[in-house]
Amino acid sequence: MPRGKHLKVIIAIDGSCSVDALNFTGSACRVATLEITSMLGGDITEQHDRPEARLRERASQAEREGAR
């Protein structure tokens, strides 16, 4: 199983889809799921945030050095 950020997309026989963002933090999961949903051409009927969505994203090494 992948350890990094990834999306799990399940398309049912009736054409309904579910998109699950795994290993994302902060608002990145919402951005990723909106992108894939718009590519699939559908509307979001339900949306549930995971606890990870409330975590802040960690700054990259370059961002930390630029803040000095």
Side-chain angles (χ1 to χ4, degrees):
M1 182 169 157
R3 293 181 184 241
K5 296 177 185 178
H6 61 281
L7 297 173
K8 180 168 81 171
V9 179
I10 299 174
I11 303 174
I13 294 173
D14 66 357
S16 63
C17 300
S18 68
V19 180
D20 196 7
L22 302 167
N23 298 325
F24 283 82
T25 56
S27 63
C29 61
R30 191 171 295 228
V31 171
T33 55
L34 281 174
E35 285 182 20
I36 194 75
T37 303
S38 67
M39 286 182 212
L40 291 170
D43 294 325
I44 298 174
T45 56
E46 287 183 46
Q47 184 168 337
H48 304 282
D49 288 339
R50 291 177 173 225
E52 298 88 20
R54 293 189 264 309
L55 297 175
R56 290 184 5 193
E57 295 182 58
R58 295 185 65 190
S60 70
Q61 182 71 24
E63 291 171 338
R64 287 192 298 265
E65 289 176 1
R68 293 182 184 178

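Taking CG of Asn23 as the reference point, atom SG of Cys29 lies at 11.0 Å (rounded to 0.5 Å). Atom CG in Asp20 sits 8.5 Å away from atom CG in Leu7 (nearest 0.5 Å).
Contacts of Val9 classified as side-chain contact (heavy atoms from CB on, under 4.5 Å), with partners at least two apart in sequence or in another chain: Ile11, Val19, Ile36, Leu40. Remark: Ser18 pairs with no residue by the side chain to side chain donor-acceptor pair (under 3.5 Å) rule, at least two apart or across chains.
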